[in-house]
Novice: 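My questions all concern the structure below.
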Amino acid sequence: MSIEDVADELYGLLPEEFTAARNAAAAEARSSGDADLAARLRTLRKPTAGAWVLNRLVRDDPEQVHGVLELGARLRAAQGTLAAAELRALDAQRRELTRAVARQAVDAVRGAGKPVSAAVAGAVEETLRSAMVDAGVGAALATGRMVDTVSASGLEPVDLSRVVALGADAPPTRRAASADREARDEAALVAARTAAAQAEGALEQAREAAEDARRRATSAARRREEVAARLAQARAAVAALEDELAASTEAEHDARRAQLANTRDERTAHDAATAARRTLDRLTGTT
């Protein structure tokens with residue numbers, strides 16, 4: 001039997017049963033000639049109350065744990081690909097799920113007659129939250145061999161050797177890795193759909209803008225044609241008025257020339273009449 005198999009059995013026991021069972025397993029390994037296994041078994045640490053609640057949850061309700069890890073993977077993969085509103089919705093779902101799963105795990109233990117303090121319940125919920133934001137913590141939780149609760153930000157590395165048995169040797173579970181891959185694929189698909197929807201929206205806006213521009217261009221062309229026609233009419237009217245003005249000016253000049261000639265004739269006739277009266281007056285003796 002491998003040390004992982006023995007550890008799986010040990011961390012499924014009640015905390016008060018752990019130490020005796022571990023020592024018995026180590027003694028059996030030693031008596032079987034496997035000193036190395038015996039030495040490694042003796043290094044296994046008893047789980048804290050919170051870690052035991054989490055280990056029991058992994059065994060009693062693995063689907064709930066899978067849901068936590070899957071949502072965590074989706075959240076990590078969605079960073080930078082989803083809109084702020086979508087990220088807020090996923091974060092709200094995360095808080096609701098961790099709270100519900102932690103409460104279910106604690107209630108199950110309490111229902112079995114084991115007391116769980118508020119501090120332990122809070123540590124259980126915090127570990128579930130950490131498993132969502134940190135893939136390493138999620139993989140550690142999925143082993144069911146937690147020895148302590150943990151708080152992680154997802155930004156700084158976590159020393160898993162202090163929170164999970166055989167932590168240095170425990171690879172990420174296939175389910176956690178699969179959840180990460182599925183979440184990345186889903187996030188990429190969501191991002192692609194979002195980008196496609198945005199592109200379609202932009203295309204529709206561009207079409208509407210182009211159609212509006214075409215309508216305005218057509219209207220402007222009709223207006224230009226109308227103004228051009230009016231301008232042509234105005235130019236024709238101006239040309240006609242210019243011709244009429246030229247004719248009137250010429251007629252005015254002719255009339256003024258005729259006036260000058262008539263004035264000269266009038267003066268000549270006046271002078272002739274005056275001379276004729278004077279001659280007549282001399283002949284008739286009129287003074």
Side-chain angles (χ1 to χ4, degrees), residues 1-30 34 36-62 64-66 68-69 72 98 101-110 112-154 156-177:
M1 182 177 291
S2 69
I3 189 171
E4 287 81 8
D5 293 334
V6 178
D8 285 341
E9 292 182 4
L10 291 174
Y11 286 99
L13 300 174
L14 295 172
E16 58 268 26
E17 299 172 346
F18 179 87
T19 301
R22 179 199 62 194
N23 294 340
E28 181 180 351
R30 185 172 57 254
D34 195 340
D36 181 65
L37 176 59
R40 295 186 68 189
L41 285 172
R42 282 194 297 271
T43 65
L44 296 179
R45 291 185 291 135
K46 176 182 175 180
T48 63
W52 176 71
V53 172
L54 290 165
N55 291 336
R56 173 166 174 161
L57 172 66
V58 171
R59 288 165 174 76
D60 292 348
D61 200 344
Q64 284 280 33
V65 176
H66 172 62
V68 169
L69 299 181
T98 53
V101 174
R103 184 168 53 249
Q104 177 180 325
V106 169
D107 288 346
V109 171
R110 286 172 175 166
K114 297 295 181 181
V116 179
S117 68
V120 169
V124 167
E125 182 175 343
E126 177 59 20
T127 301
L128 290 172
R129 184 201 65 78
S130 299
M132 282 192 171
V133 301
D134 189 293
V137 175
L141 171 66
T143 66
R145 297 192 296 265
M146 297 289 286
V147 297
D148 201 356
T149 55
V150 63
S151 178
S153 66
E156 299 293 334
V158 178
D159 181 10
L160 294 177
S161 64
R162 69 177 183 80
V163 299
V164 61
L166 311 177
D169 300 326
T173 63
R174 291 183 179 180
R175 174 169 284 184

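This chain uses plain numbering: 1 for the first residue, then up along the sequence. FYI, side chains are in, hydrogens and waters are out, and symmetry mates aren't considered; it's all heavy atoms of this structure.
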Novice: Does any N or O in the side chain of R129 come within less than 3.5 Å of the main-chain N or O of S151, such that one atom is a donor and the other an acceptor?
Specialist: no
Novice: Tell me which one of V101, T149, V137 satisfies side-chain contact (heavy atoms from CB on, under 4.5 Å) with L128.
Specialist: V101
Novice: Kindly give the heavy-atom pair with the smallest separation between W52 and P47, and that separation in Å.
Specialist: N-CB, 4.1 Å
Novice: Which atom pair, heavy atoms only, marks the closest approach of G113 to P115?
Specialist: O-CD, 3.8 Å
Novice: With respect to L54, which candidate in T48, V150, V65, V124 satisfies the side-chain contact (heavy atoms from CB on, under 4.5 Å) definition?
Specialist: V124
Novice: What heavy-atom pair brings L13 and A21 nearest, and what distance separates the two atoms?
Specialist: CD1-CB, 3.4 Å
Novice: Going by heavy atoms in the side chains, are L141 and T143 under 4.5 Å from each other?
Specialist: no
Novice: Can you tell me how far the CE atom of M146 sits from the CG atom of L57, to the nearest 0.5 Å?
Specialist: 11.0 Å
Novice: Are D60 and R56 close enough for a salt bridge, meaning some N to O gap below 4.0 Å?
Specialist: yes
Novice: Do E125 and R103 make a side-chain contact, defined as non-hydrogen atoms from C-beta onward lying under 4.5 Å apart?
Specialist: no
Novice: What's the shortest heavy-atom distance between V58 and A142, and which atoms?
Specialist: CG1-O, 3.8 Å
Novice: Roughly how far apart are L37 CG and L41 CG, rounded to 0.5 Å?
Specialist: 4.5 Å
Novice: Do other residues, nucleotides or ligands put more than 12 heavy atoms under 6.0 Å from the CD atom of E126?
Specialist: yes
Novice: Output the distance between atom CG (L44) and atom CZ (F18), rounded to the nearest 0.5 Å.
Specialist: 5.5 Å
Novice: Closest heavy-atom contact between E16 and K114?
Specialist: OE2-NZ, 2.7 Å
Novice: List the atom of S130, the atom of A152, and the distance in Å for their closest heavy-atom pair.
Specialist: OG-N, 2.8 Å
Novice: Got a second to check how far R145's CZ is from L10's CG, nearest 0.5 Å?
Specialist: 10.5 Å
Novice: Rounded to the nearest 0.5 Å, what's the gap from CG on D148 to CG on L160? Could you check?
Specialist: 12.0 Å
Novice: To the nearest 0.5 Å, what is the distance between CZ on R40 and CG on L166?
Specialist: 6.0 Å
Novice: So, do R59 and N55 sit near enough that their side-chain heavy atoms are less than 4.5 Å apart?
Specialist: yes
Novice: Within the side chain of R110, is there an N or O that forms a donor-acceptor pair under 3.5 Å with the backbone of V116?
Specialist: yes
